[in-house]
Undergrad: 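My questions all concern the structure below.
Hydrogens, waters and symmetry mates are skipped; everything else that's a heavy atom, side chains included, is used.
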Amino acid sequence: MIRLLLADDEELIRVAVAALLDLEADLDVVAHAADGHEAVESALQHRPDVAVVDLQMPRDGIEVTAELTRVLPSCAVVILTGHARPAQVQRALAAGAKGFLPKGCKGGTLADVIRRVHSGGRYVDPGLAADALSMPECPLTQRELDVLRSAEPDVPVSLIARRLHLSPGTVRNHLTAILAKLRVGSRTEAATVARDNGWL
């Protein structure tokens, strides 16, 4: 039997997925969780073979994946999502997810993916994988992304500098580089471009 943990903040979906998977002779749902914190605690308590985790819930699925990969490496993680962005697929795989598929997939597909990741394989929905592969690479450095995250339109440069432990001149240099690299005229436009591409 493959022991499963289901984590989703929407109870109806969690219960429906559990009922669907319980129809499979080799799958056994041993634990449920309504958020990411509970998912990690339940995984440590019940030691599932596979955790099926919602991407969008309190303490999101990518954070949960990274934590489970660290504290319970024997548990493979499959992420389910209703609204995936290409960058999320990449981040999820980098965090250790073994599977990534939309909530609209067929029940049999989810069961097959669970079996595949349990046996050491990986699976990413082909449509999501194609979108992730065609996504433009982020031209910003990690430090520039940090500055952009802190650079809300009305936040003064001096406050951004204090938050990031940088000098105001360094922050201004980063902001100038960000605007030039993204070919935009304002912080707001830069943040919009970065979010639309999944870089923030």
Undergrad: Under a 4.0 Å threshold between the charged nitrogen and the carboxylate oxygen, would Arg59 count as salt-bridged to Glu38?
TA: no

Undergrad: In this structure, would Val64 and Leu44 fall into the same cluster of hydrophobic residues linked by side-chain contacts under 4.5 Å?
TA: yes

Undergrad: Would Leu27 and Met1 count as a side chain to side chain contact (heavy atoms under 4.5 Å, CB included) if you check the C-alpha gap in whole Å, the side-chain angles of each, and the deciding distance to 0.1 Å?
TA: CA-CA 6 Å; Leu27 304 181; Met1 292 291 282; 5.9 Å; no

Undergrad: Is there side-chain contact between Leu140 and Ile178, with heavy atoms separated by less than 4.5 Å?
TA: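 A side-chain contact under 4.5 Å exists here.
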
Undergrad: Can you see whether Ser186 engages Glu189 through a side-chain donor-acceptor pair at a distance of less than 3.5 angstrom?
TA: yes

Undergrad: Would you say His174 and Arg143 make side-chain contact, with heavy atoms under 4.5 Å?
TA: yes

Undergrad: Is there any side chain to side chain donor-acceptor pair (under 3.5 Å) pair reaching into residues 93-114, and which pairs are they, with sequence neighbours excluded?
TA: Asp8-Lys103, Asp54-Lys103, Asp112-Arg115

Undergrad: Please tell me whether Leu4 and Leu20 are part of a single hydrophobic cluster in this structure, the criterion being side-chain heavy atoms less than 4.5 Å apart.
TA: no

Undergrad: For a quick test of reading the model, state the closest non-hydrogen atom pair linking Pro73 to Val71 and the distance between them.
TA: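 Pro73 and Val71 have their closest heavy atoms at CD-C, 3.6 Å.
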
Undergrad: Is the shortest side-chain heavy-atom distance between Leu21 and Leu110 below 4.5 Å?
TA: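 A side-chain contact under 4.5 Å exists here.
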
Undergrad: Could you give the distance from OG1 (Thr81) to CD (Gln56), rounded to the nearest 0.5 Å?
TA: 4.0 Å

Undergrad: Can you see which heavy atom on Gly61 is nearest to which on Val53, and at what distance?
TA: CA-CG1, 3.6 Å

Undergrad: Side-chain heavy atoms under 4.5 angstrom apart, residues restricted to Ile, Leu, Val, Met, Phe, Trp, Tyr: same cluster for Leu6 and Ile114?
TA: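 Hydrophobic grouping puts Leu6 with Ile114.
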
Undergrad: Do Val147 and Leu175 have side chains that approach each other closer than 4.5 Å (heavy atoms only, starting at C-beta)?
TA: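 Heavy-atom side-chain distance check passes, below 4.5 Å.
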
Undergrad: What are the two closest non-hydrogen atoms of Val117 and Arg122, and how far apart are they?
TA: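 Heavy-atom minimum between the residues: CG1-CA, 4.4 Å.
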
Undergrad: Going by the rule side chain to side chain contact (heavy atoms under 4.5 Å, CB included), which residues pair with Thr69 if we only count those two or more places apart in sequence or in a different chain?
TA: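 If we apply the side chain to side chain contact (heavy atoms under 4.5 Å, CB included) test to Thr69, skipping adjacent residues, the hits are Thr65.
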
Undergrad: In terms of hydrophobic clustering (I, L, V, M, F, W, Y; side-chain heavy atoms under 4.5 Å; direct or indirect links), are Leu68 and Val17 co-clustered?
TA: no

Undergrad: Going hydrophobic residue to hydrophobic residue with side-chain gaps under 4.5 angstrom, can you get from Leu101 over to Ile62?
TA: no

Undergrad: For a 4.5 angstrom cut-off between non-hydrogen side-chain atoms, does Val78 reach Phe100?
TA: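 No, too far: nothing below the 4.5 Å cut-off.
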
Undergrad: In sequence, state the C-alpha distance, the side-chain angles, and the governing distance for Leu5 and Val30, and then conclude on side chain to side chain contact (heavy atoms under 4.5 Å, CB included).
TA: CA-CA 6 Å; Leu5 162 70; Val30 297; 5.6 Å; no

Undergrad: Minimum heavy-atom separation for His46 and Ala31, please, with both atom names.
TA: CD2-CB, 3.5 Å

Undergrad: To the nearest 0.5 Å, tell me how far Arg3 CZ sits from Cys75 SG.
TA: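 The CZ atom of Arg3 sits 10.5 Å away from the SG atom of Cys75.
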
Undergrad: Do Ser42 side-chain atoms and Ala39 backbone N/O form a donor-acceptor pair below 3.5 Å?
TA: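 No: the side chain of Ser42 does not pair with the backbone of Ala39.
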
Undergrad: Using every non-hydrogen atom in the two residues, find where Val171 and Ala161 come nearest and quote the distance to one decimal.
TA: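 Minimum heavy-atom contact is CG2-CA, 3.7 Å.
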
Undergrad: If the condition is side chain to side chain contact (heavy atoms under 4.5 Å, CB included), which residues does Val155 pass it with, not counting sequence neighbours?
TA: Glu152, Leu159, Ile160, Arg163, Arg187

Undergrad: To the closest 0.5 Å, what do you measure between CG (Leu182) and CD (Glu144)?
TA: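 Here the rounded value is 8.5 Å.
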
Undergrad: Quick one: does Leu164's side chain get under 4.5 Å of Ser150's, heavy atoms only?
TA: yes

Undergrad: NZ of Lys181 to CG of Leu148: how many Å apart, nearest 0.5 Å?
TA: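 Going from the NZ atom of Lys181 to the CG atom of Leu148 covers 11.5 Å.
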
Undergrad: Check whether any side-chain N or O of Asp28 sits under 3.5 Å from a backbone N or O of Ile2 as a donor-acceptor pair, and report yes or no.
TA: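 It does not hold such a pair.
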
Undergrad: To the nearest 0.5 Å, what is the distance between CZ (Arg14) and CG (Leu12)?
TA: 10.0 Å

